[in-house]
Amino acid sequence: MSQASPRGTYLQVSESLRQQIESGDADTLPSEAALMSAHGVSRNTIRRALKTLEADGVVQPAPGVGWRVVRDGDRRSLGERMTDLIAEDSLSVGDSYPSEAKLCDRFGVSRTAVRRVLAQMEGNGLLATVHGKGRTVRALPTPTVRP
C-alpha cells in the first residue's frame, strides 16, 4: 500500500485479497508473513483484513494450515446469516436466541466473529441480552431484497 487510506488500509487489503480469491484457484491463502511482504503492511493489518473476510464468509481459519478459501456454500456474510436465522428457526419476539457455542458450531466460525455480529445485532435492536439468561429476540428483522 503506497498511501494512507481514509477508508482503512485493512479494508483495502481485504478487497485486494477478495479479488485475488475470486480470480484464482488457490484453496489456501499465503502465510501472514508473505501477505505482509506482498502488501507492505503490518501483521495487525493483515489479521484485520483476514477477520473481515472471515466475517463475510470468504475464508475460514484452518489450524495448522492458515486460512482456507470457502468455495462452496453460503456466500452471505455472517451477519446476514445470523440475522436470517431468526426467520429460519421461526423465532418470535421474546424467544431465546441460540448460544455463542451453538452459533460457532452452526456456522463454523470463531467465537470472536460470532460475538462481533451479536454486538451488531444488539446495537441494531434485534437482540437483547439478560445477564445470566442469554440473548432473546427483541425485534424481527425487516425483510431485505437480494438480487
Side-chain angles (χ1 to χ4, degrees), residues 1-91 95-129 134-147:
M1 299 286 123
S2 58
Q3 296 178 331
S5 166
R7 187 169 171 242
T9 305
Y10 76 98
L11 291 173
Q12 286 184 336
V13 172
S14 69
E15 284 305 311
S16 174
L17 290 172
R18 186 185 314 270
Q19 290 171 359
Q20 290 174 10
I21 289 167
E22 289 174 357
S23 66
D25 298 323
D27 289 333
T28 59
L29 292 179
S31 68
E32 288 181 1
L35 292 171
M36 288 168 46
S37 177
H39 293 280
V41 296
S42 69
R43 184 176 302 273
N44 189 46
T45 301
I46 293 298
R47 287 183 175 165
R48 287 183 73 186
L50 291 170
K51 288 296 183 183
T52 300
L53 293 173
E54 178 187 16
D56 289 344
V58 177
V59 297
Q60 64 185 19
V65 176
W67 291 86
R68 282 204 172 108
V69 176
V70 176
R71 289 286 176 210
D72 297 326
D74 202 344
R75 298 300 282 186
R76 295 176 295 165
S77 71
L78 180 60
E80 289 173 322
R81 291 185 287 162
M82 286 176 59
T83 300
D84 291 347
L85 181 127
I86 294 172
E88 291 169 4
D89 287 0
S90 302
L91 299 176
D95 288 348
S96 293
Y97 194 77
S99 68
E100 290 177 4
K102 287 181 182 176
L103 293 168
C104 291
D105 289 341
R106 183 170 182 162
F107 297 113
V109 296
S110 70
R111 190 169 289 244
T112 302
V114 166
R115 286 181 177 166
R116 186 176 301 135
V117 173
L118 287 171
Q120 290 172 350
M121 291 175 74
E122 288 175 13
N124 292 337
L126 294 175
L127 299 177
T129 302
R135 291 177 179 84
T136 58
V137 178
R138 184 174 174 191
L140 299 177
T142 56
T144 56
V145 177
R146 290 194 181 97

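Remember, it's a predicted structure, so these values are computed and weren't measured experimentally. Any value given below was found using the heavy atoms of this structure, including those in side chains, with hydrogens, waters and symmetry copies removed.
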task: Return yes if some donor-acceptor pair links the side-chain N/O of S16 with the main-chain N/O of Q12 below 3.5 Å, else return no.
output: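 No; judged by distance alone, with no hydrogens or angles, the pair does not exist.
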
[X] and [Y]: which non-hydrogen atoms are nearest, and at how many Å?
X: A139; Y: G125; result: CB-O, 3.5 Å
X: V114; Y: M82; result: O-CE, 3.9 Å
X: G79; Y: V117; result: CA-CG1, 3.6 Å
X: L35; Y: P30; result: CD1-O, 3.7 Å

task: Return yes when atom CZ of R68 has more than 12 non-hydrogen atoms of other residues, nucleotides or ligands closer than 6.0 Å, and no otherwise.
output: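 Result for CZ/R68: open.
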
message: If you count heavy atoms of other groups shown closer than 6.0 angstrom to CZ of R138, is the number above 12?
response: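 Counting neighbours around CZ of R138, 12 or fewer heavy atoms of other residues, nucleotides or ligands fall under 6.0 Å, so no.
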
message: Test of understanding: with side-chain hydrogen bond (donor to acceptor under 3.5 Å, both in side chains), list the residues that count as partners of R18, not counting sequence neighbours.
response: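 Once residues adjacent in sequence are excluded, the partners of R18 under the side-chain hydrogen bond (donor to acceptor under 3.5 Å, both in side chains) criterion are E15, D56.
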
- prompt: Partners of T129 by side-chain hydrogen bond (donor to acceptor under 3.5 Å, both in side chains), sequence neighbours excluded?
  reply: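 Applying side-chain hydrogen bond (donor to acceptor under 3.5 Å, both in side chains) to T129 gives E122.
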
- request: Report the distance from atom NZ of K51 to atom OG of S14, rounding to the nearest 0.5 Å.
  value: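 That separation rounds to 14.0 Å.
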
Spatial distance of atom CG (L127) from atom OG1 (T83) [nearest 0.5 Å]: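 So the CG of L127 and the OG1 of T83 are separated by 8.0 Å.
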
So do the side chains of [X] and [Y] get within less than 4.5 Å of each other, counting heavy atoms only?
X: M121; Y: P141; result: no
X: Y10; Y: R47; result: no
X: L17; Y: Q20; result: yes
X: T9; Y: R48; result: no

- prompt: Got a sec, which residues hit salt bridge (Lys or Arg N to Asp or Glu O under 4.0 Å) with R106, two or more places apart in sequence or on another chain?
  reply: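 Counting only residues at least two positions away or on another chain, R106 forms a salt bridge (Lys or Arg N to Asp or Glu O under 4.0 Å) with E88, D89.
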
- prompt: Which one of T52, L50, L53 satisfies the side-chain contact (heavy atoms from CB on, under 4.5 Å) criterion with V58?
  reply: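 With V58 as partner, T52, L50, L53 yield a single side-chain contact (heavy atoms from CB on, under 4.5 Å), made by L53.
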
message: Between Y97 and L103, does the side chain to side chain contact (heavy atoms under 4.5 Å, CB included) criterion hold? Intermediate values first, please.
response: CA-CA 9 Å; Y97 194 77; L103 293 168; 3.6 Å; yes

